[in-house]
Amino acid sequence: MHKVGIADTTFSRINMGKIAIDELKKGASLQIERYTVPGIKDLPVACKILIEEKGCDIVIALGMPGSKPIDKMCAHEASQGIIQAQLITNTHIIEVFVHEDEAKNEEELAWLMERRTREHAQNVIKLLFYQEQLQREAGTGQRQGFADIGAIRQ
Ligand SMILES: Cc1nc2c(=O)[nH]c(=O)nc-2n(C[C@H](O)[C@H](O)[C@H](O)CO)c1C
């Protein structure tokens, strides 16, 4: 059975890990290992541990960068660490970041965080079990969270 790692943060204002696990369980029979850390800069090593020590086949890294310039810098640094962890382990880490200022108010932020988390959890199921489905969606302007933007041409 495939094992999926869930790395999430206490900084986030929504329980993204719980949502991801709920979506994964709805879509497939999987083993799940969760690792919660304080913030996004702690995610790269959590993901690496989930892969190398906990035997996860793929990981979802969930986080909420705040709206200040320092938070944006943290997000960039965290992303670079997550990419490095993917290259070192040769394993996908699907980064699900929702920036606090992407939404116009708290209600929209909560909605966006849930939507993006669920849609990326579905992507993880596709990566593990339905590669052909992803190929059918290639070039179709898919987005996670807000509406898909669509293809420019068929
Ligand atoms: C400035 C800052 N901003 C964020 C953020 O926007 N989102 C987040 O999840 N975490 C932030 N952190 C915390 C760091 O990611 C990290 O948890 C601490 O530096 C401890 O290693 C920090 C320090």
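Keep in mind that this is a model prediction, so the values were computed, not measured. All residue numbers refer to positions in the sequence shown, counting from 1. Just follow the structure's listing: the first ligand is 1, and inside any ligand the first atom is 1.
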K.L.:
Do L127 and V96 share a hydrophobic cluster (ILVMFWY, side-chain heavy atoms under 4.5 Å, transitive)?
P.N.:
yes

K.L.:
Give every residue pair that meets the ring pair (Phe, Tyr, Trp, His ring centres under 6.0 Å) criterion with at least one member in residues 1-41, sequence neighbours excluded.
P.N.:
H2-F129

K.L.:
May I ask you to check whether K41 has an N/O atom sitting below 3.5 Å from an N/O atom of ligand 1?
P.N.:
yes

K.L.:
For G63, does its backbone N or O pair with a side-chain atom of S12 as donor and acceptor, under 3.5 Å?
P.N.:
no

K.L.:
Could you tell me the residue and atom name of the protein heavy atom closest to atom 13 (C) of ligand 1, and the distance to it rounded to 0.1 Å?
P.N.:
G39 CA, 4.2 Å

K.L.:
Using a strict cut-off of 4.0 Å, indicate which atoms of ligand 1 neighbour a heavy atom of P65.
P.N.:
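In order of number, 6 (O), 7 (N).
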
K.L.:
For residues I51 and I93, determine if any side-chain heavy atom of one lies less than 4.5 Å from a side-chain heavy atom of the other.
P.N.:
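I51 reaches I93 side chain to side chain.
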
K.L.:
So which pairs with a foot in residues 121-133 pass side-chain hydrogen bond (donor to acceptor under 3.5 Å, both in side chains), sequence neighbours left out?
P.N.:
E23-Q122, H120-N123, K126-E137, Q133-R136, Q133-E137

K.L.:
Quick one: nearest non-hydrogen protein atom to atom 6 (O) of ligand 1, plus distance?
P.N.:
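Going atom by atom, the protein heavy atom closest to atom 6 (O) of ligand 1 ends up being G66 N, 2.7 Å.
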
K.L.:
Minimum heavy-atom separation for K41 and C74, please, with both atom names.
P.N.:
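Residues K41 and C74, closest heavy atoms: CE-SG, 3.6 Å.
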
K.L.:
Short question: side chain of K3, backbone of E33 - any donor-acceptor pair under 3.5 Å?
P.N.:
no

K.L.:
Please write down residue, atom name and distance for the protein heavy atom closest to atom 9 (O) of ligand 1.
P.N.:
I40 N, 2.9 Å

K.L.:
What protein heavy atom sits nearest atom 20 (C) of ligand 1, and how far away is it?
P.N.:
D42 OD1, 3.5 Å

K.L.:
If you have a sec, work out which protein heavy atom is nearest atom 1 (C) of ligand 1 and how many Å separate them, to one decimal?
P.N.:
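Residue, atom and distance for the closest contact: D71 OD1, 3.3 Å.
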
K.L.:
Counting only heavy atoms, which portion of M64 has something under 4.0 Å from ligand 1: side chain, backbone, both, or neither?
P.N.:
backbone

K.L.:
How close does the nearest protein non-hydrogen atom get to atom 23 (C) of ligand 1, and which residue and atom is it?
P.N.:
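Looking at atom 23 (C) of ligand 1, the protein heavy atom closest to it is C74 SG, 4.2 Å.
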
